[in-house]
Structure formats: C-alpha cells, structure tokens
Amino acid sequence: VVPSLKKEVEGLSEANEKFIARVIDELGLSGESLGKICLVLKNKVQSEITDGALKDAPLEVLFKKTITLDFEFDPECIDLAIEHAKWNGSCEYSEKIEQKFKETKKAESIPAVEISIEEYKFRKLDSGDVRQLYMGDYTDCCQKVRGAGESCVWHSWRSPEGATFVVEKNNKIIAQSWAWRNNRHLVFDNIEMLSGHLGNNKVLEFYKKAAVALKGKLGIEHFQIGLGHNDCSQLDSLKKVEADEMVESPKGVYSDADYNRVWLEV
C-alpha cells in the first residue's frame, strides 16, 4: 500500500489492505498514524470487514468497528474516539477525556472567517470540529490532547473566548493558531506551521487579511500574535507589543503569547 509501511501492512488480508487504501484516499493518513491502524487491524479480528459484509460501508462505520475492538468509548463520543485512534491508537483514552469533550461551548465571541486564494484557504474551524483537540498532530506541535499544550485545545473547544484558525493548502492543514479573546483584543497565541512550509510567506498574508475581515465584528478592534515557539519568521517585521499593551492571557492555560507579541494592526 505504502512502501514505507511494508512491515506494518505485511500479513493483512486483501480486504483489510483495501480498507487501508480507503483510509489513505479518503482521509489522507500516512506515516505513523496509518501504521497504528494497520497494527490494530492485524492484531484484532476483523471478520465483518474480511468476509465482505462491510466492504461498501462508509469509512466512518469501518473506523468505528476498528477502534471498538481496540478500546471502549461512549457512543456519544464517536468523533472523539475516531480522531484519538487516528493519532494515538488506544493509548491513554479515558472517561476524563470524554467528559471534557462533552462540555461544549454554548456561545462564541470570536466570529467565523473564511478566505480562499487559489489552492489556499484560511478559516476558523467550526466549534464542533474535533480536529481542534489534536491540532498539534496536524502541525507537529504540542497543542493536542496528551501534549504540553493540552490546556490550549480544551480552551478552544469549551470557552466562548477560544477558537482555532487554520491555513490549508489543497485541503491539507499547513499552519494553525489557537486564538483567544480579551475584551476588544483577539490574540493568535502563535502561528504553528507544518515542517516543509516554514518559509511560506503566504501564511502571514492570510492572517493580515483575516484581521481586515474580522475588525469591527462582535466588537473586536485589535489583533496581536504571540512569538513563543514561533514558526513564522515574517512576524519579526511587525511592531512589538510593549509591556503595558499586553492584554492578559486566559488564566490556567499554557500560552506562547505570555511574554512576547507583535501587533497585527489594520
């Protein structure tokens, strides 16, 4: 299926190889995450897939069958379970994670925005998009469940003042920011970029356009970007936020914007 996964795929039935091919084609999985799914298939009995009964079922149904054999989860948390299994297998999946997942926000103070130019798109993820919780897995950073920045993703998921913005190229996430609001200020905590795209100067241009689109909506007037663990070198060209201009970050949440920020003013 994938030359680099020859060892993981070896021993799979033909039906399961076709299942993996669908995972690659429909979800774009690769590397370690795909290897983990291969191991689940090899180590668990997949009779319903192997005998063809589910060969034409929606991919989400097959995923549910696969991960159900690997760990137990609340049926209300199927989207969470699928996303967790995609990156972690059954490792450290717990009722505590499910409980947090169920505590969805009831309101939002950060407006939606979507900007498309050629193969690129900048947008705020929907409040119920479970990818927010594992965003670090998409951009190789700590902002994810079980990561050093786990508190950030739960703030984005549960707080009316939190959100996640992404830059996509050909529908693949190449950059992202946890964002939070303090009164009239919207702060992009930093810009995390996928390896291979660190020099992409188009990313910052989308943030500038987003600031133009968002200014004045729901009372937002000012924009700042954190510099901690910054992946976007172009931020160095922007005006630094002085100490007395630093609006307070969310309490009890890890932030890359606690000490150094720049203005994204329009």
Side-chain angles (χ1 to χ4, degrees), residues 105-117 120-127 129 131-132 135-136 139 141-143 149-168 173-193 197-198 200-266:
K105 64 183 71 175
K106 306 302 180 185
E108 294 188 82
S109 67
I110 301 177
V113 63
E114 184 171 312
I115 302 167
S116 298
I117 302 177
Y120 290 89
K121 180 184 293 184
F122 178 98
R123 64 192 178 100
K124 188 187 89 164
L125 293 183
D126 293 339
S127 61
D129 192 325
R131 289 179 297 174
Q132 293 177 89
M135 192 49 55
T139 54
C141 75
C142 70
Q143 292 180 21
E150 179 172 358
S151 58
C152 306
V153 298
W154 288 120
H155 182 275
S156 178
W157 181 258
R158 300 189 295 178
S159 172
E161 285 75 44
T164 301
F165 290 84
V166 300
V167 178
E168 298 168 310
I173 295 173
I174 64 168
Q176 59 90 7
S177 296
W178 163 52
W180 45 270
R181 180 174 179 173
N182 184 326
N183 198 3
R184 294 184 299 140
H185 291 74
L186 179 63
V187 180
F188 297 102
D189 201 70
N190 69 356
I191 299 178
E192 300 279 3
M193 299 173 67
H197 297 272
L198 301 184
N200 192 329
N201 58 16
K202 292 186 177 182
V203 170
L204 182 57
E205 292 304 311
F206 275 101
Y207 280 80
K208 292 179 179 179
K209 292 180 183 296
V212 172
L214 290 169
K215 187 169 184 177
K217 291 188 175 181
L218 297 184
I220 295 175
E221 295 294 337
H222 306 289
F223 304 86
Q224 299 176 352
I225 304 179
L227 294 179
H229 301 288
N230 169 44
D231 286 337
C232 183
S233 60
Q234 290 86 7
L235 292 181
D236 294 335
S237 64
L238 301 181
K239 182 182 177 182
K240 189 171 182 178
V241 177
E242 300 298 331
D244 60 350
E245 300 171 320
M246 296 273 285
V247 292
E248 187 178 4
S249 58
K251 292 182 179 180
V253 184
Y254 172 87
S255 175
D256 283 335
D258 274 343
Y259 304 107
N260 293 294
R261 301 177 199 164
V262 292
W263 286 104
L264 183 65
E265 289 291 18
V266 295

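Keep in mind that the numbers below use all heavy atoms, side chains included, and drop hydrogens, waters and symmetry copies.
- Judged by distance alone, the side chain of Thr139 and the main-chain N or O of Met135 form a donor-acceptor pair under 3.5 Å.
- Atom NE2 of residue His185 and atom CE of residue Met246 lie 11.0 Å apart, to the nearest 0.5 angstrom.
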Name every donor-acceptor pair, under 3.5 Å, that has one atom in a side chain of residues 207-223 and the other anywhere in the protein, sequence neighbours excluded.
from   : atom 1 : to     : atom 2 : distance (Å)
Tyr207 : OH     : Ser177 : OG     : 2.6
Lys215 : NZ     : Val266 : O      : 2.9
His222 : ND1    : Glu265 : OE2    : 3.2

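- Here the side chains of Arg261 and Val247 are in contact, with some heavy-atom distance below 4.5 Å.
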Item checked: Working for side chain to side chain contact (heavy atoms under 4.5 Å, CB included), residues Glu168 and Tyr120 -> CA-CA 6 Å; Glu168 298 168 310; Tyr120 290 89; over 6 Å; no
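- Across all non-hydrogen atoms, the minimal contact from Gly252 to Ser151 is O-CB, 4.3 Å.
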What pairs of donor and acceptor atoms, side-chain ones from residues 232-244 against any protein atom, are under 3.5 angstrom apart with sequence neighbours left out?
from   : atom 1 : to     : atom 2 : distance (Å)
Ser237 : OG     : Gln234 : O      : 2.7
Lys240 : NZ     : Asn260 : OD1    : 3.3

Next item on the list: For side chain to side chain contact (heavy atoms under 4.5 Å, CB included), just list the numbers for Ile191 and Asp231, CA-CA rounded to whole Å, side-chain angles, deciding distance to a tenth of an Å, and then say yes or no.
Entry: CA-CA 6 Å; Ile191 299 178; Asp231 286 337; 5.7 Å; no
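- Closest non-hydrogen pair, Cys141 versus Gln176, comes out as SG-NE2, 3.5 Å.
- The closest donor-acceptor contact from the side chain of Gln132 to the backbone of Ser127 lies under 3.5 Å.
- Taken to the nearest 0.5 Å, the CD1 atom of Ile110 stands 8.0 Å off from the OG atom of Ser156.
- Inter-residue side-chain proximity for Ile117 and Phe206 is flagged as met; some heavy-atom pair is nearer than 4.5 Å.
- Each of Val153, Val166, Ile173 was checked for a side-chain contact (heavy atoms from CB on, under 4.5 Å) with Arg131, and the lone residue meeting it is Ile173.
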Notebook entry, point to check: When you look at Val262 and Leu227, which way does the side chain to side chain contact (heavy atoms under 4.5 Å, CB included) test go after all the steps?
Noted result: CA-CA 7 Å; Val262 292; Leu227 294 179; 3.9 Å; yes
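- Within the 3.5 Å criterion, the main-chain N or O of Gly162 finds a donor-acceptor partner in the side chain of Lys105.
- A heavy-atom distance below 4.5 Å is found between the side chains of Met193 and Val203.
- The backbone N or O of Gly226 sits nowhere less than 3.5 Å from a side-chain atom of Asp189 that would complete a donor-acceptor pair.
- Residues Val113 and Phe165 are in side-chain contact: their nearest non-hydrogen atoms beyond the backbone lie under 4.5 Å apart.
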Notebook entry, point to check: Taking it one step at a time, do Lys124 and Glu108 satisfy salt bridge (Lys or Arg N to Asp or Glu O under 4.0 Å)?
Noted result: CA-CA 12 Å; Lys124 188 187 89 164; Glu108 294 188 82; 2.7 Å; yes
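- Side-chain contact between Trp180 and Ser255 is present, with heavy atoms from C-beta onward closer than 4.5 Å.
- At least one donor-acceptor pair under 3.5 Å links the side chain of Arg181 to the backbone N or O of Asn183.
- Between the CD atom of Glu150 and the OH atom of Tyr254 there is a distance of 14.0 Å, given to the nearest 0.5 Å.
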Checklist line | Candidate pair Thr164 and Leu125, rule side chain to side chain contact (heavy atoms under 4.5 Å, CB included), full reasoning | finding: CA-CA 6 Å; Thr164 301; Leu125 293 183; 4.1 Å; yes
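- Looking at Trp178 and Glu192, their side chains never bring a donor and an acceptor atom within 3.5 Å of each other.
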